[in-house]
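Written out below as structure tokens is the structure these notes cover.
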Amino acid sequence: MTTPLTLTHGRRPDGTALLTAVGEIDMTNTEALADALDTTHGLVLLDLTGVEYLDSAGLNVLFARADRLELVATPLLAPVLTISGLPDLTTVHGL
């Protein structure tokens, strides 16, 4: 059973948009993630520290928006992000 994805919008003290994701990101909910990212203007810091699973559909959403994302991830996601090559396109904190 998958853990539902919860997305919470916020702002960092410097005004940068913050989107916090908690749960699992897979093909059943990537549209919600894409919509949340697309309706947030400018640079977005996407906090993935509460994400337990990220599949290729989720990676596709991140790749398509890499030019305006910074990611915060845990060691759990490090292999997936590193092998995908996403850290070559955007800043990933926590790897």
Side-chain angles (χ1 to χ4, degrees):
M1 178 177 217
T2 60
T3 304
L5 178 64
T6 302
L7 299 167
T8 306
H9 292 272
R11 290 255 172 223
R12 292 174 39 121
D14 66 0
T16 303
L18 172 65
L19 181 64
T20 302
V22 176
E24 297 183 6
I25 301 173
D26 61 25
M27 65 182 209
T28 66
N29 56 30
T30 54
E31 186 175 327
L33 176 60
D35 288 346
L37 291 170
D38 292 345
T39 58
T40 305
H41 301 288
L43 178 68
V44 179
L45 179 66
L46 178 58
D47 183 347
L48 299 172
T49 57
V51 172
E52 303 160 0
Y53 177 78
L54 175 66
D55 74 2
S56 60
L59 285 171
N60 283 334
V61 170
L62 301 181
F63 268 97
R65 294 153 182 84
D67 61 332
R68 53 185 293 265
L69 286 180
E70 281 191 25
L71 306 174
V72 180
T74 63
L76 177 68
L77 294 180
V80 173
L81 295 174
T82 301
I83 290 170
S84 74
L86 196 55
D88 296 333
L89 300 176
T90 191
T91 302
V92 181
H93 304 278
L95 291 186

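- From Leu62, atom CG reaches atom CG of Leu54 across 6.0 Å, with rounding to the nearest 0.5 Å.
- For the pair Thr16 and Leu45, the tightest heavy-atom approach, listed with the atom from each and the gap, is CG2-N, 4.3 Å.
- For the atom pair Leu43 CG and Leu69 CG, the distance stands at 7.5 Å (nearest 0.5 Å).
- Proximity of a side-chain donor or acceptor of Asn29 to a complementary backbone N or O of Glu24 within less than 3.5 Å is detected.
- Under the 4.5 Å side-chain heavy-atom criterion for grouping Ile, Leu, Val, Met, Phe, Trp and Tyr, Leu5 is not connected to Val22 through any hydrophobic cluster.
- The two atoms that bring Ala21 and Leu48 nearest to each other are CB-CD2, 4.2 Å, heavy atoms only.
- Cluster membership for Leu89 and Val80, using ILVMFWY side-chain heavy atoms within less than 4.5 angstrom, is shared.
- With rounding to the nearest 0.5 Å, the separation of CG in Leu19 from CG in Leu33 is 6.5 Å.
- Separation of atoms CG (Leu71) and OG1 (Thr49) is listed at 11.5 Å; rounding is to 0.5 Å.
- For residues 11-20, the set of pairs meeting the salt bridge (Lys or Arg N to Asp or Glu O under 4.0 Å) definition, not counting sequence neighbours, comprises Arg12-Asp14.
- Hydrophobic clustering, with ILVMFWY side chains joined whenever heavy atoms are under 4.5 angstrom apart, groups Leu46 together with Leu59.
- For the pair Ser84 (side chain) and Leu81 (backbone), a donor-acceptor distance under 3.5 Å is present.
- Screening residues 39-65 for salt bridge (Lys or Arg N to Asp or Glu O under 4.0 Å), with sequence neighbours left out, gives Asp38-Arg65.
- Listed here is the closest heavy atom pair of Leu86 and Phe63: N-CZ, 3.7 Å.
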Using the side chain to side chain contact (heavy atoms under 4.5 Å, CB included) rule, take Leu7 and Asp35 through it: C-alpha gap first, then chi angles, then the decisive distance, then the call. CA-CA 11 Å; Leu7 299 167; Asp35 288 346; over 6 Å; no
Dump the intermediate steps for side chain to side chain contact (heavy atoms under 4.5 Å, CB included) on Val92 and Leu77, then the final yes or no. CA-CA 11 Å; Val92 181; Leu77 294 180; over 6 Å; no
Would you please test Thr30 and Ile25 for side chain to side chain contact (heavy atoms under 4.5 Å, CB included) and show each step? CA-CA 7 Å; Thr30 54; Ile25 301 173; 4.2 Å; yes
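- Among residues two or more places apart in sequence or in another chain, the side chain to side chain contact (heavy atoms under 4.5 Å, CB included) test is passed with Ser56 by none.
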